[in-house]
Amino acid sequence: MSRFHWTCESTDGDARAGMLHTAHGPVATPTFMPVGTVGTVKAMTMDAVRSTGAGIVLGNTYHLMLRPGAERVRALGGLHRFMDWSGPILTDSGGFQVMSLGALRKLDQDGVTFRSHIDGSYHRLTPEISTDIQHALDATITMCFDECPALPAAPDAIAASMRLSMRWAARSREAFVPRTGYGQFGIVQGGTEADLRAESVQALTDIGFEGYAIGGLAVGEGQELMFATLDTTVPLMPRNAPRYLMGVGTPDDLLGSVQRGVDMFDCVMPTRAGRTARAYTERGTLNLRNARHATDTRPISPHCDCLACSRHSRAYLHHLFRANEILGPMLLTWHNIAYYQRLMRQIREAILEGRLDALATSLRAEWAAEDWTEDEMPRPILPPVP
């Protein structure tokens with residue numbers, strides 16, 4: 001089993017194509033991680049997730065500690081066996097979810113006491129407890145426990161929060177159990193303040209981690225400010241380690257962030273959109289609830305071979321959502337994850353071939369274009385298997 005490490009294969013400007021080597025297999029980067037919060041990517045089987053080309057998925061400490069419980073998952077063989085995923089799993093530390101509880105949580109210098117959103121029971125998370133839970137889950141990548149302040153906030157409040165997170169990062173690192181092929185990521189905080197982000201990067205680099213994440217963005221600051229923050233933050237981050245932008249985002253967010261040197265992403269957008277009838281495509285998004293799709297025999301996209309596109313029409317998907325049939329969210333989630341994975345493969349190939357800027361121009365023009373015409377939809381819907 002090889003040690004946990006990331007290797008760079010090629011660069012194109014600031015963008016990087018590489019390979020993440022882990023105990024549970026390699027992952028080509030840039031990569032998008034489908035979100036499997038409670039041990040499942042919502043509305044998908046793991047066979048379906050695998051069929052999209054996904055190489056790594058995400059789980060969440062907060063949700064899994066509440067149910068079924070980390071020790072139960074450990075007793076049942078760990079999260080990989082529990083959820084039928086043999087590839088790498090990254091587990092969020094639970095910090096973001098706890099901080100989102102508002103009045104249900106109480107923060108102190110040692111950690112957070114909170115009430116479960118499920119039954120109101122009291123629980124405690126500290127850097128040590130979060131790290132131990134992720135160890136029990138057998139997470140391939142463990143995230144540091146941090147505080148993610150809501151934005152906008154005063155610079156003094158952001159600074160205090162960031163420095164608390166850095167102290168927690170040091171404690172998380174002390175609690176981490178090194179194992180061949182496993183890694184832990186520190187999380188850069190500091191809001192949109194360039195000096196605080198720089199201070200955070202330096203603190204984490206001094207501690208030393210296998211990878212580095214950028215947290216506290218995509219929380220309402222807008223794409224322009226997010227990209228500006230990446231412009232000042234990413235160049236300061238270690239060049240020989242993977243860089244992970246947490247909770248991002250739209251296809252254009254991913255493209256712009258890769259152009260700025262980010263390697264890893266996760267976001268609930270494609271799965272959430274799939275449950276609400278929104279399809280991501282090369283020509284922007286479609287709302288399958290709209291009446292114009294009621295008699296449309298075309299697939300969602302002529303470039304997609306997922307089950308939704310290869311076997312079903314827009315009209316059928318429209319019907320499923322209008323009839324509140326669960327198959328609608330299942331098929332559309334499959335399509336959206338397949339699109340995100342295909343996009344990341346396109347971006348990676350363009351980096352390897354030194355043509356990312358040209359691809360970016362083409363992708364953005366396509367996203368702004370109108371829907372395909374009948375003439376641009378050459379591939380018919382396949383008939384059902386007899």
Side-chain angles (χ1 to χ4, degrees), residues 33-46 49 56-85 88-150 161 164-165 168-169 171-172 175-177 182 184-185 187 213 215-216 218-219 244 246-247 266-269 271-272 275 326 329 333:
M33 300 179 284
V35 176
T37 301
V38 294
T40 175
V41 178
K42 290 185 185 297
M44 295 189 77
T45 67
M46 297 317 290
V49 175
I56 178 172
V57 299
L58 181 144
N60 184 264
T61 295
Y62 168 82
H63 290 283
L64 290 167
M65 71 177 282
L66 294 181
R67 58 183 179 191
E71 288 306 319
R72 180 173 296 176
V73 173
R74 189 209 296 266
L76 292 169
L79 189 55
H80 296 85
R81 177 171 294 180
F82 191 56
M83 67 184 290
D84 183 31
W85 180 260
I89 298 175
L90 180 149
T91 47
D92 195 350
S93 69
F96 178 81
Q97 286 73 24
V98 169
M99 298 310 155
S100 300
L101 293 174
L104 294 176
R105 55 94 173 177
K106 183 177 180 180
L107 173 71
D108 57 57
Q109 291 297 307
D110 185 59
V112 185
T113 302
F114 63 95
R115 295 179 63 180
S116 165
H117 72 285
I118 300 169
D119 58 11
S121 57
Y122 281 93
H123 300 269
R124 178 79 173 162
L125 270 179
T126 66
E128 294 80 9
I129 293 172
S130 172
T131 304
D132 288 348
I133 289 171
Q134 294 178 76
H135 181 82
L137 295 172
D138 193 31
T140 315
I141 301 175
T142 295
M143 299 302 298
C144 284
F145 188 60
D146 67 333
E147 185 194 13
C148 182
S161 173
L164 175 62
S165 288
W168 285 0
R171 289 168 54 191
S172 295
F176 179 69
V177 179
Y182 289 76
Q184 185 182 40
F185 285 17
I187 304 175
V219 290
Y244 163 32
M246 305 178 74
D266 81 282
C267 191
V268 298
M269 278 187 178
T271 48
R272 183 173 290 167
R275 299 194 300 276
I326 196 169
T333 299

**Student:** Ignoring hydrogens and angles, tell me if any N or O in the side chain of R171 forms a donor-acceptor pair with the backbone of D110 under 3.5 Å.
**Tutor:**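 Looks like yes, one N/O pair under 3.5 Å.
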
**Student:** Could you check whether any side-chain heavy atom of R81 comes within less than 4.5 Å of a side-chain heavy atom of L76, counting everything from C-beta outward?
**Tutor:**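 When only atoms from C-beta onward are counted, L76 and R81 do not touch, as no gap falls below 4.5 Å.
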
**Student:** Report yes if some heavy atom in the side chain of D138 is under 4.5 Å from a heavy atom in the side chain of R74; otherwise report no.
**Tutor:**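 Heavy-atom side-chain distance check fails, nothing below 4.5 Å.
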
**Student:** Side-chain contact test, heavy atoms from C-beta onward, threshold under 4.5 Å: evaluate it for S130 versus W168 and give yes or no.
**Tutor:**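 Side chain of S130 against side chain of W168, heavy atoms only: no contact under 4.5 Å found.
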
**Student:** Please report the closest heavy-atom contact between E71 and A136, naming both atoms and the distance.
**Tutor:**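 Between these two residues, the closest heavy atoms are OE2-CB, 4.0 Å.
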
**Student:** Heavy atoms only: give me the nearest G216-C148 pair and the separation to one decimal.
**Tutor:**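 Shortest heavy-atom contact: CA-SG, 3.7 Å.
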
**Student:** Checking side chain to side chain contact (heavy atoms under 4.5 Å, CB included) for the pair T126/F145: CA distance, chi angles, key distance, verdict?
**Tutor:** CA-CA 7 Å; T126 66; F145 188 60; 5.6 Å; no

**Student:** Start with the C-alpha distance between R272 and K42, add both sets of side-chain angles, then the distance that settles side chain to side chain contact (heavy atoms under 4.5 Å, CB included), and finish with yes or no.
**Tutor:** CA-CA 8 Å; R272 183 173 290 167; K42 290 185 185 297; over 6 Å; no

**Student:** Under the criterion side chain to side chain contact (heavy atoms under 4.5 Å, CB included), I'd like the reasoning laid out for M143 against M246: C-alpha separation, chi angles, the key distance, then a yes or no.
**Tutor:** CA-CA 11 Å; M143 299 302 298; M246 305 178 74; 4.1 Å; yes

**Student:** Kindly compute the distance separating CG (L125) from CD1 (I133), expressed to the nearest 0.5 Å.
**Tutor:**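 It comes to 5.5 Å.
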
**Student:** Could you give the distance from OG (S172) to CD1 (I129), rounded to the nearest 0.5 Å?
**Tutor:**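 Spacing of OG (S172) from CD1 (I129) equals 11.5 Å.
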
**Student:** What distance do T40 atom OG1 and M46 atom CE have between them, rounded to the nearest 0.5 Å?
**Tutor:**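 Here the interatomic distance stands at 7.0 Å.
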
**Student:** Examine distances only and state if a side-chain atom of W85 and a backbone atom of I56 form a donor-acceptor pair shorter than 3.5 Å.
**Tutor:**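 Judged by distance alone, no pair lies under 3.5 Å.
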
**Student:** Check the surroundings of atom CZ in R105: do more than 12 heavy atoms from other residues, nucleotides or ligands lie under 6.0 Å from it?
**Tutor:**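 Check passes, neighbour count above 12.
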
**Student:** Ignoring hydrogens, what is the shortest heavy-atom contact between C267 and G247? Give both atom names and the distance.
**Tutor:**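 Result for this residue pair: SG-O, 3.7 Å.
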
**Student:** Salt bridge or not between D108 and R124? Use side-chain N to carboxylate O under 4.0 Å.
**Tutor:**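 Yes, D108 and R124 are salt-bridged.
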
**Student:** Cut-off 3.5 Å, side chains only: do D92 and Y62 have a donor facing an acceptor?
**Tutor:**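 No - no donor-acceptor pair under 3.5 Å links their side chains.
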
**Student:** For Y244 and I187, what are the C-alpha separation, side-chain angles and deciding distance, and is it a side chain to side chain contact (heavy atoms under 4.5 Å, CB included)?
**Tutor:** CA-CA 9 Å; Y244 163 32; I187 304 175; over 6 Å; no

**Student:** Once rounded to the nearest 0.5 Å, what's the spacing between atom CG of N60 and atom CD of Q134?
**Tutor:**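 Going from the CG atom of N60 to the CD atom of Q134 covers 9.0 Å.
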
**Student:** In terms of heavy-atom contacts, does CD1 of I326 have more than 12 from other residues, nucleotides or ligands at under 6.0 Å?
**Tutor:**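 Open: at most 12 neighbouring heavy atoms sit under 6.0 Å from CD1 of I326.
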
**Student:** Where do P329 and A43 come nearest, in terms of heavy atoms and distance?
**Tutor:**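 Between these two residues, the closest heavy atoms are O-CB, 4.1 Å.
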
**Student:** Are the side chain of Q184 and the backbone N or O of T131 linked by a donor-acceptor pair below 3.5 Å?
**Tutor:**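 Not at all, since once roles are kept as given, no pair shorter than 3.5 Å links the two residues.
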
**Student:** Taking atom CG of L58 and atom OG1 of T37, what is their separation to the nearest 0.5 Å?
**Tutor:**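 If I round to the nearest 0.5 Å, the distance is 6.5 Å.
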
**Student:** Taking all atoms of both residues into account, what is the closest heavy-atom pair of D119 and S121, and its distance?
**Tutor:**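 For D119 versus S121, the nearest heavy atoms are OD1-OG, 2.7 Å.
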
**Student:** Among L79, I141, L137, which one satisfies side chain to side chain contact (heavy atoms under 4.5 Å, CB included) with I89?
**Tutor:**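 That would be L79.
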
**Student:** Please tell me if the side chains of L90 and D266 come closer than 4.5 Å, counting only heavy atoms from C-beta onward.
**Tutor:**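 The answer is no; the side chains never approach within 4.5 Å.
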
**Student:** Atom CG in L164, atom CD in E147: separation rounded to 0.5 Å?
**Tutor:**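 If I round to the nearest 0.5 Å, the distance is 6.0 Å.
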
**Student:** With a 3.5 Å distance limit and no angle check, can you tell me whether T91 reaches the backbone of T142 through a side-chain donor-acceptor pair?
**Tutor:**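 The answer is no, because no donor-acceptor pair under 3.5 Å joins these two groups.
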
**Student:** Identify the two heavy atoms, one from G120 and one from R115, that lie closest to each other, and give their separation to 0.1 Å.
**Tutor:**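 Shortest heavy-atom contact: O-NE, 3.2 Å.
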
**Student:** Is there a donor-acceptor contact under 3.5 Å from the side chain of T271 to the main chain of V268?
**Tutor:**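 Yes, T271 side chain to V268 backbone: donor-acceptor pair under 3.5 Å.
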
